[in-house]
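Here the structure is laid out as structure tokens; the discussion comes afterwards.
All chains are named by letter (A, B, ...) in the order of the sequence lines, taking the proteins before the strands, and each is independently numbered beginning at 1. Just so you know, these numbers use all the heavy atoms, side chains as well, and skip hydrogens, waters and symmetry mates.
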2 protein chains.
Amino acid sequence: MAANSKFAVAVHALAVIAHHADQRHTSRAIAGSISTNPVVIRRLLAQLARAGIVESSHGAKGGFRLAKPASKVSLHDVYKAVEDCGALFALHDKKNEKCPVACRMASILEGVFERVESKIMPELKRTSLADIVGQIG
Amino acid sequence: MAANSKFAVAVHALAVIAHHADQRHTSRAIAGSISTNPVVIRRLLAQLARAGIVESSHGAKGGFRLAKPASKVSLHDVYKAVEDCGALFALHDKKNEKCPVACRMASILEGVFERVESKIMPELKRTSLADIVGQIG
DNA sequence: CATAATGTAACCATTATAGTCACATATATG
DNA sequence: CATATATGTGACTATAATGGTTACATTATG
């Protein structure tokens, strides 16, 4: 699987679940659609469960289902649940403390990144899981 | 250095150059401000040179300087030059071809990602290198 | 010619991510 | 209750991306 695809896999997994929202889905079945390992799915869905997006049940006839209607799950909810640090852009951690330019860069870049990222969140909030399922047809 | 910090390092390097735009700057001096290796800087600035943002000269008294005024260099120019694929988000590459949900996901996710990324570009275009230098004071 | 710089290939180190195995725990059902 | 079937998670391995380093050819100055 490609690097940094957690968000894409999470949306895909949720789409599988939401596409037949009346039944429970096992990590094995979901992993089958994505061609990955069931454990990868269980770990990812554990994060989504903690965020109140899905719920799981153990044992026979167990599996995952949505914890609320697909129309109430925005991609922003999914993003927050899955991307731990939330940073699309990253700062560099080292710098020369004696350089006046270097000493200002961290806070300047933080400001830029914050402004940029604030532009994408409304777009993620605007799109719901129901919109995604609608596009599957 | 942190992962995925190319953009941050590029902006930092350009800020060092633009802060004293009248002189040439060696990769050694720039690397000193960022506390990294000169080769890392040369590789990064080579990309910026191809994009027409900086120019370099070899030999004694050589080094880097801006190829155009700092006010004409937007962070979007820098981003394009430095982030090869341009994808903040990544798709997952494997899927089950027999699953109707999986078969639709790639194009659906591409659409979502494209819409999201289109929101940040105006913000990057709005900020110039001169704005950054201005914040150094 | 000596010195000082970039450009780049080749390689190593580090880190992040995905993938896998194993197993404790929980649950439905005959 | 026994069995089969799930999740949850710890521990480990594999892979890929990124940065760092060394080395050296090339180029420019004086």
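Closest to the side chain of A:N37, from the set C:dT20, C:dT27, C:dG7, is C:dT20. The listed nucleotides are C:dT6, C:dT8, D:dT9; the one nearest the side chain of B:R50 is C:dT8. Listed nucleotides C:dT6, D:dT5, D:dT9 differ in distance to B:S27; the shortest reach to its side chain belongs to C:dT6. Out of D:dT7, D:dG19, C:dT3, the shortest distance to the side chain of B:A60 is found at C:dT3.
Between A:L45 and B:G62, the residue anchored closer to the 5' end of DNA chain D is A:L45, taking for each the nucleotide with the nearest heavy atom.
Neither OP1 nor OP2 of C:dC23 sits under 4.0 Å from any side-chain N or O of A:R42. At C:dT27, none of the side-chain N or O atoms of A:S57 fall inside 4.0 Å of OP1 or OP2 (strictly under the cut-off). Distances shown here put every side-chain N or O of A:K61 at or beyond 4.0 Å from the OP1 or OP2 atom of C:dA26. Within the 4.0 Å cut-off from OP1 or OP2 of D:dA17, not a single side-chain nitrogen or oxygen of B:K6 is found. Side-chain nitrogen and oxygen atoms of A:T36 include at least one within less than 4.0 Å of the OP1 or OP2 phosphate oxygen of C:dG19. Using a 4.0 Å cut-off, no side-chain N or O of B:T26 falls inside it from OP1 or OP2 of C:dT6. For the pair B:S5 and D:dT18, the criterion of a side-chain N or O lying under 4.0 Å from OP1 or OP2 is not met.
In this pair, A:F113 and A:F89 present their aromatic rings parallel. The plane angle is below 30°, not in the 30 to 60° band.
Contact of the B:D77 side chain with the B:S74 side chain is registered, since non-hydrogen atoms from C-beta on lie closer than 4.5 Å. Counting heavy atoms from C-beta on, the side chains of B:D131 and B:S128 come closer than 4.5 Å.
Heavy atoms of other residues, nucleotides or ligands lying less than 6.0 angstrom from CD of A:E114 number 12 at most.
B:R43 comes within 4.0 angstrom of a nucleotide base, judged by non-hydrogen atoms across all strands. Residue B:R24 is classed as having no contact, given no heavy-atom separation below 4.0 Å to the nucleic acid.
A side-chain donor-acceptor contact under 3.5 Å links A:R104 to the backbone of B:Q135.
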